[in-house]
Amino acid sequence: MSGSGRSRKLAAVLMAVAVIVFTGMLAGTAQALPPGCRPRPDGRIDCGGSEEDPRNPGPDRPGPRVPRPHDIYYTPACPYNGPPPNDPSVMCESAVRTCELRGQDGILMRIYYQWEPGGPWELQATRCVGGAQEDELQVDPGRVRLELVTRYLPAANVAVNPGNGRTLLNFPTIFYTEVGPYRETVTILGQPVTIEAEPVAFLWTWGDGQTARTTTPGRPYSPSADPSEYVTHEYTVARATPYTVDVDVEWRASFSVGGGPQQDLGTLTVTRGETASVTVLEKADVLSGS
């Protein structure tokens, strides 16, 4: 092959691998299946086995559910490359030449899995990546739930009246969060996913050892408001250090992929959001602000 031909081939391979690396860093659910196996819609694997080979489950005796990593990371198999925070774009000639010498397309890559958020990265495979044999990334309910809880559903920030965060002992203090129905089309694993979700419950932690569950997000004070719209809490112990108030939100959600049928996700709990600090005072003459 001429020098210019080799350069064009290398450029094409690098472009294909760049797409795979970027997709793997953002999406992270490609599952390397055993040779001859394929994923089933129920999350199990079908390896076309038979009764004569009990180690190889088939359609009538499906194997165990394929474990899904939280994230997946591709990096060229170069001497100094490893898991994050390694730079996945670092390239070396040996990663390119190895696959070429094997008669395979792509670049020799190290594939790392992270099984839970913040967990360690484990090397799963070192193989040529970039050819037509690559595993297809699939959008399944588990992945959508993860994306909604960690990224897409709105965070719930706690607000308090009075707005200066000071209240009185045994006084019904008003709390609220501004969260409402959510309907958006987002991109998950490169595919359009339409999300429909509605908050169904709010789980309040008052910071004094008490909790409450409400079906309303509360609202700020208004003379014309219906009292049932408020979420309030009374503190029975005054102290110099503030109480920290937090709220988690339970959502009822469903999704569809590419305009397909709607699939129910059940109830999701989102714990993201900003807390509020409340200082409880004993005397009314030090209470100020709106």
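Under the rule for a ring-ring contact (aromatic ring centres under 6.0 Å, His included), the partners of W121 that lie at least two apart in sequence or sit in another chain are Y73. For R219, the salt bridge (charged side-chain N to carboxylate O under 4.0 Å, His left out) partners two or more places apart in sequence, or in a different chain, are E229. In terms of the salt bridge (charged side-chain N to carboxylate O under 4.0 Å, His left out) criterion, E274 has no residue partners (sequence neighbours excluded).
Checked against a 6.0 Å centroid threshold, the rings of W206 and F175 count as neighbours.
The NE2 atom of H233 sits 7.0 Å away from the OG1 atom of T236 when rounded to the nearest 0.5 Å. Taken to the nearest 0.5 Å, the CG atom of D246 stands 8.0 Å off from the OG1 atom of T271. The line from OG1 of T185 to CZ of R183 is 6.0 Å long, rounded to the nearest 0.5 Å. In this structure, the separation between CG on D248 and CZ on R272 is 11.0 Å, given to the nearest 0.5 Å. Interatomic distance, CG of N161 versus OH of Y230, reported as 8.0 Å (0.5 Å rounding).
Sparse packing is recorded around CD of E178, with 12 or fewer heavy atoms of other residues, nucleotides or ligands lying under 6.0 Å away.
Taking 4.5 Å as the limit, every side-chain heavy atom of T98 sits out of range of all side-chain heavy atoms of Q104. Between F255 and P141, the closest side-chain pair of non-hydrogen atoms falls below 4.5 Å.
In this structure, A77 and S94 approach most closely via the heavy-atom pair O-OG, 4.4 Å. The minimum heavy-atom distance linking V249 with F202 is given by the pair CG2-CD2, 3.8 Å. Taking each heavy atom of G207 and R239 in turn, the nearest pair found is O-NH2, 4.3 Å.
Both V245 and V237 are part of a single hydrophobic cluster, where members link through side-chain heavy atoms under 4.5 Å apart. There is no path of hydrophobic side-chain contacts, each under 4.5 Å, that joins L146 to V144. The cluster map of Ile, Leu, Val, Met, Phe, Trp and Tyr, joined by side-chain heavy atoms under 4.5 Å apart, puts V179 and I174 in different clusters. No path of Ile, Leu, Val, Met, Phe, Trp and Tyr side chains, each step under 4.5 Å between heavy atoms, connects L108 with V96, placing them in separate hydrophobic clusters. Hydrophobic cluster membership differs between Y176 and Y182, with clusters built from Ile, Leu, Val, Met, Phe, Trp and Tyr side chains linked at under 4.5 angstrom.
Cation-pi geometry between R110 and Y112 is not met: the NZ or CZ atom fails to fall both under 6.0 Å from the ring centre and inside 45° of the normal.
Under the side-chain contact (heavy atoms from CB on, under 4.5 Å) test applied with R145, the options L268, D140, T150 reduce to a single match, L268.
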